[in-house]
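The next block holds one structure in the form of structure tokens; read it before the comments.
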Amino acid sequence: MDPVTIDTTKIRTTKRKPETALEKLEDTGMINTILAAKDREGFILLTTIDQFINWGRLSSLWPVTSGLACCAIEMMAVSMAHHDIARFGMEVFRASPRQADLMFVAGTVTKRMAPRVKQLYEMMAEPKWVISVGSCANTGGPYHESYCVLKGVDNIIPVDVYIPGCPPRPEAWLYGIIQLRQKIKNEGYGVKWGLNK
Amino acid sequence: MNSAEELKYLLPASVISVGVQTNKPLAVIKKEDILQVAEKVKEMGFDNLSVITGVDREDRIEVIYNFFSYKKKQNLVLKAILDRTSPSIDSVVSFWKVADWLERETYDLVGIKFNGHPNLKRILLPEGWMGHPLRKDYDMSIEQFVTVGEDGEDIVSTDGSNLLRGE
């Protein structure tokens with residue numbers, strides 16, 4: 001039998017640029033997934049990793065149970081049925097900072113409490129966010145000239161959202177929470193982790 | 001006759017003057033006779049010592065006791081004038097147990113020494129705090145910070161570098 005000789009120089013490997021949507025899908029290899037789903041009459045949801053992770057994070061922010069002064073009373077009002085932060089998946093106030101990813105600094109941060117607040121923040125696992133609530137936590141408020149009160153909790157820990165008020169109404173809390181959700185929604189983790197290649 | 005006048009009637013040598021302070025009967029007493037006066041005030045039925053506080057008047061320091069009687073529904077305010085340089089007065093813990101913490105608070109914030117107090121140390125501020133903050137000459141320009149030591153104790157220093165965020 002004669003050996004078949006193939007002249008490899010005559011073969012031109014051409015890859016057509018994908019034009020139609022189906023071709024583009026074929027190009028990514030996703031067509032198999034879609035065909036498999038079609039076989040089983042299932043559905044497919046397309047999203048980005050960023051959107052998916054951020055959606056997961058902002059939908060179940062668990063705050064740590066820590067109240068420093070009268071703002072903590074408003075925090076209780078926010079979590080009760082009338083204003084109901086369970087709508088945001090936030091009703092689970094955790095007793096341990098290890099299980100929480102949000103910290104409300106609700107009240108006056110005195111010099112003596114400051115290292116403890118910082119320690120609580122450092123004990124929280126990443127990712128973590130901080131909402132500073134009320135005039136005292138924002139700037140020292142009425143105690144700005146005091147010898148024993150820190151002039152703003154952002155002197156010791158980074159703060160994401162400031163809610164003004166003395167103490168802020170529960171509606172202001174809800175607005176602050178929505179602002180934080182907006183902020184989390186726009187965070188880009190895929191780029192940070194190198195998933196954009 | 002209000003309670004201050006009654007006290008002056010009972011102890012004419014110890015009460016310097018009587019008057020009214022915020023609608024309550026006031027008796028200014030000699031600081032040496034505080035134990036005598038306290039015994040008499042207790043006998044008069046003032047079972048509740050509401051407040052002990054101190055006022056820095058720059059040339060003198062006043063220590064003020066507010067009493068209330070649940071039986072007679074009466075108020076009484078005692079005031080004693082102390083030295084500015086080394087304010088000290090006898091403790092009334094033996095008559096009212098609540099004076100323990102109230103005197104510690106007054107010692108902490110105004111710096112009045114209460115002789116005979118069983119445990120006279122700071123109650124609100126941590127040990128090692130410099131100065132007594134309700135004195136007029138308290139130095140507000142020195143900022144003091146508190147950090148937590150290894151055993152959970154408070155450490156006071158003017159250096160906030162391990163507490164404050166570096167920018």
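A quick note: this is a predicted structure, and the numbers were derived from the prediction, not measured. Protein chains get the first letters and strands the later ones, always in sequence-line order, with residue 1 at the start of each.
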Minimum side-chain heavy-atom gap A:Tyr147-B:Leu125 below 4.5 Å: yes

B:Trp129 with B:Met140, same ILVMFWY side-chain cluster at under 4.5 Å: yes

Using 0.5 Å steps for rounding, measure from the CG atom of A:Asn155 to the CZ atom of B:Phe145. 7.5 Å

Could you work out, with side-chain hydrogen bond (donor to acceptor under 3.5 Å, both in side chains) as the rule, every residue matching A:Asp160, not counting sequence neighbours? A:Lys183

Please rank B:Asn162, B:Ile142, B:Thr147, B:Leu164 by heavy-atom pairs under 4.5 Å with chain A and give me the top one. B:Leu164

Tell me, yes or no, whether the heavy-atom count around B:Phe95 atom CZ, taken from other residues, nucleotides or ligands under 6.0 Å, exceeds 12. yes

Heavy-atom count around A:Lys185 NZ within 6.0 Å, excluding the residue itself: above 12? no

For a quick test of reading the model, state the closest non-hydrogen atom pair linking A:Pro115 to B:Val146 and the distance between them. CG-O, 3.3 Å

What part of A:Glu145 gets within 4.5 angstrom of chain B, counting heavy atoms only: side chain, backbone, both, or neither? backbone

When only heavy atoms count and the cut-off is under 4.5 Å, which of residues 93-113 of chain A reach chain B? A:Lys111, A:Arg112

In terms of hydrophobic clusters joined by side-chain contacts under 4.5 Å, are A:Val64 and A:Val78 together? no

With clusters defined by side-chain heavy atoms of hydrophobic residues (ILVMFWY) lying less than 4.5 Å apart, directly or transitively, does A:Tyr121 cluster with B:Leu163? yes

Within a reach of under 6.0 Å around CD of A:Gln119, are more than 12 heavy atoms found that belong to other residues, nucleotides or ligands? no

Is it the case that over 12 heavy atoms from other parts of the model lie below 6.0 angstrom from the NZ atom of B:Lys73? yes

